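Since this is a predicted model, take the numbers as computed values, not measurements.
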Amino acid sequence: MLRGFRHIRGYFKDPQQLELLEEIRRIIAQAPLFSPAMPRTGKPFSVQMTNAGALGWVSDISGYRYQDRHPETAEPWPPLPATLRALWRDVADWPGDPEACLINYYGQGTRMGSHVDRDESDFSAPVVSVSLGDDAIFHVGGLRRSDPKTRIVLSSGDVAVLGGSARKAYHGIDRIIPGSSDLLTEGGRFNLTLRRVTTYQNPVPDLDRTRGT
DNA sequence: GAGTATCT
DNA sequence: CGAG
């Protein structure tokens, strides 16, 4: 595994997990889960997804991309919850704000093949992930798909950060462990990933302040 | 700029 | 589960 990967067990305690879950329910009520499909083949993903924030990641037969509207309702994505902005400020170690929160729902038997998050323009910002619900077997490898992988269990309330060289590492979800959490009445797992999509310009130094009269 | 986050 |  590459440097820059960080797993923070139990970052969110039970009450905060319930708050986050309520936020997710509200988001889904506004921006329903949809089934993405593979570019070119149109083969559906097993997970369902939606987004919050200025931009959302979508995939269909014409490709992967970020866009500012839900692909089915054509409505803007709901705002990114304050709790998640606070998480980003706490763990991202990066000056700008996140622009996207991809919400993936993993039902029983669903998975996510090994891939790299590479649809963003700015790779200096990390990807910050939150797990809610059933445990998941997560893998992280290296820059090449064939590089050796490390596997860990991601549990409800855990945060994972893919930063530095791990930002471009292959990763994925092998499987969900049914019944390992009772947070979700319907079972399964939500994963939230916070991303910076566009490049961030460092603020112009405020000479009046830094010069200090 | 597409595209191996699919699948076997 | 790794490889492609």
Query - Geometric class of the Phe34(A)/His70(A) ring pair [parallel <30°, tilted 30-60°, perpendicular >60°] - result: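 Aromatic pair His70(A)/Phe34(A) classed perpendicular.
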
Report task. For the residue pair Trp94(A) and Trp88(A), categorise the inter-ring angle as parallel (less than 30°), tilted (30 to 60°) or perpendicular (more than 60°). Result ->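 Ring orientation of Trp94(A) relative to Trp88(A): perpendicular.
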
Query - Least distance between heavy atoms, Ala136(A) atom then Ile176(A) atom - result: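 Taking Ala136(A) first and Ile176(A) second, the nearest heavy atoms are CB-CD1, 3.7 Å.
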
Using whole Å, what does the distance between atom [atom2] of nucleotide [N] and atom [atom1] of [X] come to?
X: Ile173(A); N: dT4(B); atom1: CD1; atom2: P; value: 21 Å
X: Tyr66(A); N: dG3(B); atom1: OH; atom2: C1'; value: 14 Å
X: His115(A); N: dT4(B); atom1: NE2; atom2: C1'; value: 11 Å
X: Arg145(A); N: dT8(B); atom1: CZ; atom2: C1'; value: 13 Å
X: Met112(A); N: dC1(C); atom1: CE; atom2: P; value: 18 Å
X: Asp147(A); N: dT4(B); atom1: CG; atom2: C1'; value: 15 Å
X: Glu120(A); N: dG1(B); atom1: CD; atom2: P; value: 16 Å
X: His139(A); N: dT4(B); atom1: NE2; atom2: C1'; value: 12 Å

Query raised in the report: Contact class for Ser114(A) vs. all strands (heavy atom < 4.0 Å): base, sugar-phosphate, or nothing?
Result: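 The answer is sugar-phosphate, as Ser114(A) gets under 4.0 Å only of primed atoms, P, OP1 or OP2.
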
Query raised in the report: Checking all strands, does Asn104(A) fall into the base, sugar-phosphate, or nothing category for heavy-atom contacts under 4.0 angstrom?
Result: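 Counting heavy atoms under 4.0 Å across all strands, no contact is made by Asn104(A).
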
Kindly point out which of [options] is positioned nearest to the side chain of [X]?
X: Asp174(A); options: dG3(B), dC1(C), dG2(C); value: dC1(C)
X: Ser146(A); options: dT6(B), dA3(C), dG3(B); value: dA3(C)
X: Arg111(A); options: dT6(B), dG4(C), dC1(C); value: dT6(B)

Report task. Verify the contact: side-chain N or O of Arg151(A) to OP1 or OP2 of dG2(C), cut-off strictly under 4.0 Å; return yes or no. Result ->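 For Arg151(A), the contact criterion (side-chain N or O under 4.0 Å from OP1 or OP2 of dG2(C)) is met.
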
Query raised in the report: Do any N or O atoms from the side chain of Arg9(A) and from the backbone of Tyr11(A) form a donor-acceptor pair under 3.5 angstrom?
Result: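 Between the backbone of Tyr11(A) and the side chain of Arg9(A) there is no qualifying donor-acceptor contact (under 3.5 Å).
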
Query raised in the report: How does DNA chain B look in dot-bracket form if you count Watson-Crick and G-U pairs under 3.5 Å, write [ ] for pairs that cross, and put | where a base pairs with another strand?
Result: ......||

Report task. Answer yes if the ring centres of His171(A) and His115(A) are under 6.0 angstrom apart, and no otherwise. Result ->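 When the ring centroids of His171(A) and His115(A) are compared, they turn out to be within the sub-6.0 Å range.
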
Query - Test: Glu23(A) and Arg26(A) ion pair at under 4.0 Å - result: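 Yes, Glu23(A) and Arg26(A) are salt-bridged.
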
**Report entry** Distance between C1' atoms of dG2(C) and dT4(B) (Å, rounded)
**Finding:**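 The answer is 14 Å between these two C1' atoms.
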
Query raised in the report: Among all residues two or more places apart in sequence or in another chain, which pass the side-chain hydrogen bond (donor to acceptor under 3.5 Å, both in side chains) test with Ser129(A)?
Result: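 In terms of side-chain hydrogen bond (donor to acceptor under 3.5 Å, both in side chains), with neighbours along the sequence ignored, Ser129(A) is linked to Asn191(A).
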
